[in-house]
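First the structure, in the form of structure tokens, and then the observations on it.
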Protein chains: 2
Amino acid sequence: MVRDVINLKSKQERSEETKKNILNAAKKLFMTYGYESVTIRQIAKEAGCSHTAIYLYYKDKESLLHHLVMPLLQLLSQQMKNIIQLNEMDDWTKLKRLCSSFITFCLHHKSMYSTFMTASASRVDEEDPRLQINNVRIEIFQLLMQTLENALGLSDPRQSLAFARVLFYNLHGVISTYIDNKEPLEDLTERLSSTFDLSVEAMLLGLREIKKQGGKKDESRTNF
Amino acid sequence: MVRDVINLKSKQERSEETKKNILNAAKKLFMTYGYESVTIRQIAKEAGCSHTAIYLYYKDKESLLHHLVMPLLQLLSQQMKNIIQLNEMDDWTKLKRLCSSFITFCLHHKSMYSTFMTASASRVDEEDPRLQINNVRIEIFQLLMQTLENALGLSDPRQSLAFARVLFYNLHGVISTYIDNKEPLEDLTERLSSTFDLSVEAMLLGLREIKKQGGKKDESRTNF
DNA sequence: TTATATTATAACCAGTGGTTAGTAACCAAT
DNA sequence: ATTGGTTACTAACCACTGGTTATAATATAA
């Protein structure tokens, strides 16, 4: 049972290699051109197989993306946890660092971000990648909310939720404004990072102000 | 030269009617199902013509959308101007009303909003609807920026621009979070309008705070 | 060597937005 | 009434998409 070591592989090796080639090709192309622009046939060409071979290993095009997204989301989550665990940093600064880091990461991984944002709360079975993505999404949201609570001294869970949601809108607004931007990320960041920071700073200061005024917002609403 | 008045039309009348039918069908379907989900063949069926007849009157599917979007954008612009001209309202309240109204309008017209957000600054000729859309987009941005200047007493044009941009991120974040939401708008608004208002309030208070602290943000940045 | 299982491709499918070719009907000139 | 030109309109066609089904190639076990 000696195989010719030049280029013959066992069936298992071939299938595993093909599977990996497909995923790597998809990763490369999605990162370069964005998920929607990339066709299955392009991925197949890059992977060196037929476009229909892809369906032997992955359910569909979207499934490819999900397989790529989970590790990235876990990386993001871990990155955020690392920031939170920095002991020499106060909560306010942690919160700002979290937001800034979130924006940068998501702009680096735009397809991932689109999946992150569209994974819905639909009822899916345990194996469905969307459920897993949704779980990480919730985890990330919780990390942000908790740090927000700490930084602003929030105690009402409903207020925490509203504040965190609003902060998420803000981050989402920044990221999604540039999600289809074709400019190199370095140029974009150089041009706009101070504006991104301004956005985060303003939102956090505003939330702190509302916390300080505790309930004044509702009164101003009544006076309409 | 007496035409049978029952149902025969001149060529001109027929073409005008077909053109209008196409536009109305597109409007109805885009509003119901969203631009991306609607096919040319669906529009044709609704309009009572062949799908290729559409290309006699409109350059492509996107052109249809642009023809529908311009009146809406002008309506939005006018609505904002009306708010700005309310004399019995202070600038701060105007600004909040502008933002709130912008969010509501855009959530009512989601396809319009997508076009508004993606009309790029690409070099296009004078007749191109994208240029016109971009012009209205700039106009709307200017209205917001001017009201922001008045409400916060801003005098540095670069600061005004940054603040307005940040405010736009925020509005965009709110709207785009729900742009694909299938829930009836009344339900959505009932559930979340206080959160939308919170988002706007926080951003405006934060920007005001930064204005008050004038430059403190840059110092805190240096202390990283 | 043969049979079987697995990897992989080719052929096929329904559908998309859009282009080109063809037809019917209107309209003006003779 | 006839003819030619123009226009409204449709049918046929195109390249392409994501995905399904049928077929071929190859490894492996008996």
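Numbers restart at 1 for each chain; the letters A, B, ... are given by sequence-line order, proteins then strands.
Ion pairing of A/E46 with A/R41 is absent here, as no side-chain N (NZ or NE/NH1/NH2) approaches a carboxylate O to less than 4.0 Å. B/E16 and B/K11 are not joined by a salt bridge, as no carboxylate oxygen comes within less than 4.0 angstrom of a charged side-chain nitrogen.
Atom P of nucleotide D/dG5 and atom NZ of B/K11 are separated by 14 Å, given to the nearest angstrom. We find that CD of A/E16 is positioned 15 Å from C1' of D/dA27, with the value rounded to whole Å. Computed from coordinates, the B/E36 CD to C/dG17 C1' distance equals 12 Å when rounded to whole Å. Computed from coordinates, the A/L65 CG to D/dG18 P distance equals 13 Å when rounded to whole Å. B/Q12 has its CD atom 11 Å from the P atom of D/dT7, to the nearest Å. Per the geometry, CD belonging to B/E62 stands 16 Å off C1' belonging to C/dT16, to the nearest Å.
Judged by the 6.0 Å and 45° rule, A/K61 forms a cation-pi pair with A/Y35.
Within 6.0 Å of the NZ atom in B/K19, the count of heavy atoms belonging to other residues, nucleotides or ligands does not exceed 12.
Against DNA chain C, the stretch residues 39-48 of chain B makes heavy-atom approaches under 4.0 Å through B/T39, B/I40, B/R41. Contacts between residues 49-61 of chain A and DNA chain C, defined by a heavy-atom separation below 4.0 Å, involve A/C49, A/S50, A/T52, A/A53, A/L56, A/Y57, listed by number.
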Item to complete: Start with the C-alpha gap between B/H67 and B/Y57, add the side-chain angles, then the distance that decides, and say whether side chain to side chain donor-acceptor pair (under 3.5 Å) holds.
Response: CA-CA 11 Å; B/H67 276 94; B/Y57 300 101; over 6 Å; no
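Between A/Y178 and A/Y113, the distance from one ring center to the other does not fall under 6.0 angstrom. A/F168 has its ring centre less than 6.0 Å from the ring centre of A/F102.
For B/T18 and D/dC9, the shortest distance from a side-chain N or O to OP1 or OP2 is below 4.0 Å.
Axis deviation across the helix from C/dT1-D/dA30 to C/dT30-D/dA1 amounts to 30°, comparing end segments of five pairs, rounded to 10 degrees.
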